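The model shown is predicted, which means the values in this text are computed figures rather than measured ones. Sequence lines set the chain letters: A, B, ... in the order given, protein chains first and strands last, and positions in each chain run from 1.
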Amino acid sequence: MAMADRRRINGPTGATVPPVFLEQTLALTAPRRAPDELRKIFLKTSLTPPATGSAFLELSAPSTLKLTASVYGPRPLPPSAGFSPHARLSAELKFAPFSTAGNRRGYVRDALERDLSTQLQVALARSVKTATYPKSGIDVFVTVLDCEGSIDDYNTLGIMQALAGAITCASAAIADAGIECVDLVSAGIAAAVGEQGSLVMDPSPLDGYDVKAAALVGYMAGRDEITLLWTKGELNIEGGDFESVVDKAVEVATQIRTVLNEAVKERVLAVGGVNS
Amino acid sequence: MTTTTSTTTAATMGLSFPAATFQKLSPSSYLQRHLQCTPATRPSGRSPSTFRPATLHTNALSHAHGSAVVRTGDTAVVCGVRGEILALTSGEGRTRGRIVVERVGVEDGEDVEVKTHALVVPNLELGTGCSRDYHPGPPTDFAQTTAERLRTLLLDTVPLVPATTLRIADAVGDVKAYWVLYIDVVVISLDGNVLDTAWAAIVAALKSVRLPAAIWDQDAEAVICDPTPENFRSLELMEVGYTASFVVCENDGEEGGENAEKEWVLSDPDEFEEQVCCEKITVAVGAGGKIVRIEKSGGLSDVAKTLPTCISRARERYQQWHKIIS
């Protein structure tokens, strides 16, 4: 237990524990989707008016992922940052204290959040025309309000779903901010499950699959470029397992891209179109 | 000067620039020119006495025991309440043979448990990209003071949560453990007056809380909860109260002559108005229109004049919140 944070209001001095139940509560049984069926995504931009650009992403029930992204910039870098001919893109991902099952999350940024922030930054940086904004900073903030399942016990799918949502949502927010991009980034996940390693698109931790391996890609569909690749589990590279899982994830990302396009288009039409 | 209205004076000046530039160059006179119009209108188009309409959405979060999303104008907050269990060291919560001292004039003397054991833990997070000025990292002074004001409201001014509803007792009635309520307010979008919105979100979230039935297991010496959703219970809350915040904008222009307003009391200020006006007033109203707290800071306005305005508007706002939340 770390020392109490004196800048926050702390709980009792004795440790508190989340409720322990009589028998393990059954996980929410999501209606089984077909392996190639994606969940519906609700994506809306401009819900944080003080920000330059923002977006909110929610997966349809029974999935519970909810997150917001806001973008500030391009704004001048502080003098201490030194000269940079390109814009510097920074990304921060934070889980709200009440976002996960099990233990309540702390306010201080932990290793997982640092790791996901870096991955988010890598996934987005390639899509922004950074050369257009010298000496500027673009800051992306993502707050995960609600996760799918627990992410404490190395539930990789839960973490992957949060990151994938963050990438798609943040890309919509960057577009909403009117920052010049070469393409939008959407993220997709595919997994090899069961003994045979059959492929599942957009697997949820609530589906209860026995996941052998999973892959997340950040994908720019317009340019056919992968900006981020994260795989987990044992994948045979020679046998073509690796390629087939990644290809499936790209397929997911391509489908999610249509949602992203719609959200951005809605905004463009709302402000009066490109020409008017 | 033949001009009678303030708007034309600005137009006849040699130098002219768009309103947005005027707002940046001279925020104070920008606000005053708006208010000097008849009828007085704020830059947002509201009249001085209008509060922003609020919307509420409860229990949207799956991992919190209770939650609420409240949006007033461009300020939006999410409040999640999670219950955790604090086990007492053996013998601490015994009621048999305990000497109870009852002081005259002190009602609900037992409710001190909420404070002594810190059973209610409110926090406010602003580092979410909700506004240009707040970055992730340690909370700013403003975030710390607002969290502290919310805590004071919750523990002293409007003691919503009685200790009785948080106690977990064994078969004999000895208190073995407590529920601790972690109340986390995450601000998603900030456009002024975060206190009122955060407080309303806390009240709504507490009302939506459903805690599992907790049983003291004698053999395991631990608290076990019943997972069946039918046995979940709501909290027994005390009388609610709501806050209303105001800023006072002083008129230091000569326009308008004798009968011009000396100052305007602006209800539910947005970020711009909060930055321009230094006089801030918060009134908390309890059930039946009782005034339970008044805070005033800065400014030199005539309190005897401004406070009654604030109080009557705060009562009005109480009714609005009451209609939305209950």
**Report entry** Working for salt bridge (Lys or Arg N to Asp or Glu O under 4.0 Å), residues B:Asp74 and B:Arg52
**Finding:** CA-CA 9 Å; B:Asp74 285 347; B:Arg52 291 174 286 187; over 6 Å; no

Report task. Show your reasoning for whether side-chain contact (heavy atoms from CB on, under 4.5 Å) applies to A:Phe95 and A:Leu112. Result -> CA-CA 10 Å; A:Phe95 290 99; A:Leu112 173 69; 4.0 Å; yes

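Heavy-atom distances place both the backbone and the side chain of B:Glu148 under 4.5 Å from chain A. Residue contact with chain A, scored on non-hydrogen atoms closer than 4.5 Å, involves the side chain of B:Pro212 exclusively. For B:Leu86, the parts lying under 4.5 angstrom from a heavy atom of chain A are both the backbone and the side chain. No part of B:Ala76 comes within reach of chain A, as not one of its non-hydrogen atoms sits under 4.5 angstrom from that chain. Only the backbone of B:Leu124 comes within contact range of chain A, with at least one heavy atom under 4.5 Å from a heavy atom of that chain. Using a 4.5 Å cut-off between heavy atoms, A:Thr52 does not touch chain B at all. For B:Val223, the part lying near chain A is the backbone, with the side chain staying farther off; criterion is any non-hydrogen pair under 4.5 Å. When heavy atoms are compared at a cutoff of 4.5 Å, A:Lys66 approaches chain B solely by way of its side chain, counted from C-beta outward. In this structure, no portion of A:Ala69 lies under 4.5 Å from any heavy atom of chain B.
For the set A:Arg75, A:Lys94, A:Arg104, A:Arg109, the count of heavy-atom pairs under 4.5 angstrom toward chain B peaks at A:Arg104. Listed options A:Thr143, A:Val20, A:Asn10 were ranked by heavy-atom pairs under 4.5 angstrom with chain B; first place goes to A:Val20. By number of non-hydrogen pairs under 4.5 angstrom with chain A, the leading residue of B:Asp184, B:Asp141, B:Ile188, B:Asp226 is B:Asp184. When A:Leu47, A:Val142, A:Val140, A:Thr48 are compared by the number of non-hydrogen pairs under 4.5 Å with chain B, A:Thr48 comes out ahead. Each of A:Ala51, A:Pro97, A:Ala96 has some count of heavy-atom pairs under 4.5 Å with chain B, and the biggest count is that of A:Pro97.
For the pairing with B:Tyr178, the side chain to side chain donor-acceptor pair (under 3.5 Å) check across B:Glu113, B:Arg167, B:His117 returns one residue only, B:Glu113.
What you find for B:Val247 and B:Cys277 is that their closest heavy atoms are CB-CB, 3.8 Å. When all heavy atoms of A:Tyr209 and A:Arg33 are compared, the pair lying nearest together is OH-O, 4.0 Å.
With contacts defined as side-chain heavy-atom distances shorter than 4.5 Å, the pair B:Val158/B:Trp199 qualifies.
Ion pairing between B:Glu271 and B:Arg132 fails under the 4.0 Å rule for side-chain N and carboxylate O.
Using a 3.5 Å distance cut-off with no hydrogens or angles, the side chains of A:Arg267 and A:Thr45 do not pair a donor with an acceptor.
Within the model, atoms CZ of B:Arg71 and CG of B:Asp191 stand 10.0 Å from one another, a figure rounded to the nearest 0.5 Å.
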